[in-house]
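Written below as structure tokens is the structure these notes are about.
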Amino acid sequence: MSIAHHDRYGREHVVEHGHDDGHGDHGHGGAAHGTLAGYLTGFILSVILTAVPFWLVMDMPLPDAQTTGFIVVALAVVQIVVHMVYFLHMDPRSEGGWIMTSLVFTLIVVVIAISGSLWVMYHLNTNMMPTHDMGVL
């Protein structure tokens with residue numbers, strides 16, 4: 001048996017077999033809840049991805065500071081992905097792909113804002129008028 005009802009926007013929703021306990025999907029849009037193993041995996045990866053950059057910066061085992069900086073930034077990006085997957089449960093299937101779409105849009109806006117800011121600051125620095133020595137008359 002199917003029961004049809006309309007939401008406040010006029011969209012029709014059909015509930016099959018007449019079983020609608022009123023709980024729906026708890027507002028998660030079909031996203032899977034995490035398991036203990038998933039949370040432990042995410043936690044362990046997060047600890048490793050925090051400890052390795054800390055060790056790299058404290059002991060400086062690499063000869064070049066720039067290489068250390070690149071590795072630290074790369075591990076930070078990997079840790080962001082670990083948090084999104086294991087703790088926020090973000091994947092292309094959740095919310096019909098809208099969460100991933102909004103994340104990509106947000107990342108694009110952030111990259112544009114950061115690169116634009118860096119570009120403006122660089123050009124302001126290079127195009128500033130030279131300072132004059134005010135002590136010499």
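Numbers for residues simply follow the sequence, beginning at 1. Worth saying up front: this structure is predicted, and the values here are computed from it rather than measured.
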- Whether Phe87 and Tyr39 hold their rings parallel, tilted or perpendicular, with breakpoints at 30° and 60°: parallel
- Message: If I compare all heavy atoms of Val82 with all of Ser46, which pair ends up nearest, and what's the gap?
- Response: CG1-OG, 4.0 Å
- Beyond-backbone contact of Asp64 with Thr68, side-chain heavy atoms, under 4.5 angstrom: no
- Query: Could you walk me through whether Ile80 and His83 pass the side chain to side chain contact (heavy atoms under 4.5 Å, CB included) check?
  - Reply: CA-CA 5 Å; Ile80 290 171; His83 282 258; 5.9 Å; no
- Message: With a 4.5 Å cut-off on side-chain heavy-atom distances among I, L, V, M, F, W and Y, is there a chain of contacts connecting Tyr86 to Val52?
- Response: yes
- Query: Where do Gln79 and Thr50 land on the side chain to side chain contact (heavy atoms under 4.5 Å, CB included) test, with the steps shown first?
  - Reply: CA-CA 8 Å; Gln79 190 169 67; Thr50 301; 2.9 Å; yes
- Applying ring pair (Phe, Tyr, Trp, His ring centres under 6.0 Å), name anything that partners Phe70, two or more places apart in sequence or on another chain. none
- Message: Using 0.5 Å steps for rounding, measure from the CG atom of Leu107 to the CD1 atom of Ile112.
- Response: 11.0 Å
- Tell me whether Met121 is reachable from Val110 by hopping between hydrophobic residues (I, L, V, M, F, W, Y) whose side-chain heavy atoms are closer than 4.5 Å. yes
- Side-chain heavy atoms under 4.5 angstrom apart, residues restricted to Ile, Leu, Val, Met, Phe, Trp, Tyr: same cluster for Val57 and Leu75? no
- Hphob cluster co-occupancy, Ile71 + Met60, side-chain heavy atoms under 4.5 angstrom: no
- Do Leu62 and Trp55 share a hydrophobic cluster, counting only Ile, Leu, Val, Met, Phe, Trp and Tyr and linking them when any side-chain heavy atoms are less than 4.5 Å apart? yes
- Query: Does any non-hydrogen side-chain atom of Leu103 lie less than 4.5 Å from one of Met84?
  - Reply: yes
